[in-house]
Amino acid sequence: MKKINMIEAMQVVGGCEDVCTSEFVAATPVGGKLTCVELTTCVDKHGVETQTVKSATLADCNLG
C-alpha cells in the first residue's frame, strides 16, 4: 500500500476534510434570559455528524 501525504489525501473523493455549516440560533436557558448561540454542524466523510455550540452576541442573531 502506498503512503500518501495530507495534500494528496485531500484530493481523494470524500477526503479527510469535514463539511461544516454554522448558524446563529436564539436560545432561552433555564434562567429565562434570551441569548444567542452559534451552532456549528460538521459531517465527516463517513457521514458522522457532530455539533458544537458557542456563545454569540444578540446582534449575531439579529435580536438586538
Side-chain angles (χ1 to χ4, degrees):
M1 180 186 296
K2 178 185 173 188
K3 292 184 179 183
I4 60 175
N5 62 35
M6 186 58 76
I7 294 171
E8 292 171 320
M10 297 300 288
Q11 295 173 352
V12 175
V13 173
C16 55
E17 185 175 349
D18 292 348
V19 176
C20 299
T21 57
S22 291
E23 63 180 317
F24 292 98
V25 179
T28 306
V30 175
K33 181 180 177 184
L34 186 63
T35 61
C36 181
V37 295
E38 180 181 8
L39 177 65
T40 303
T41 304
C42 296
V43 180
D44 69 11
K45 71 178 185 177
H46 302 291
V48 177
E49 185 177 285
T50 56
Q51 291 185 329
T52 56
V53 178
K54 67 179 183 179
S55 296
T57 65
L58 289 176
D60 290 329
C61 283
N62 295 322
L63 298 175

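Start at 1 with the first residue, then count along the sequence.
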Show the nearest heavy-atom pair for residues C61 and A26, with the distance to one decimal. SG-N, 3.8 Å
Report yes or no: do S22 and T40 form a side-chain donor-acceptor pair below 3.5 Å? yes
T41 and E49: CA distance, side-chain angles, deciding distance, side chain to side chain contact (heavy atoms under 4.5 Å, CB included) verdict: CA-CA 7 Å; T41 304; E49 185 177 285; 3.5 Å; yes
Can you tell if the side chain of L39 reaches within under 4.5 Å of the side chain of Q51, non-hydrogen atoms only? yes
Residue of the set V37, T57, L58, D60 for which side-chain contact (heavy atoms from CB on, under 4.5 Å) holds with F24: D60
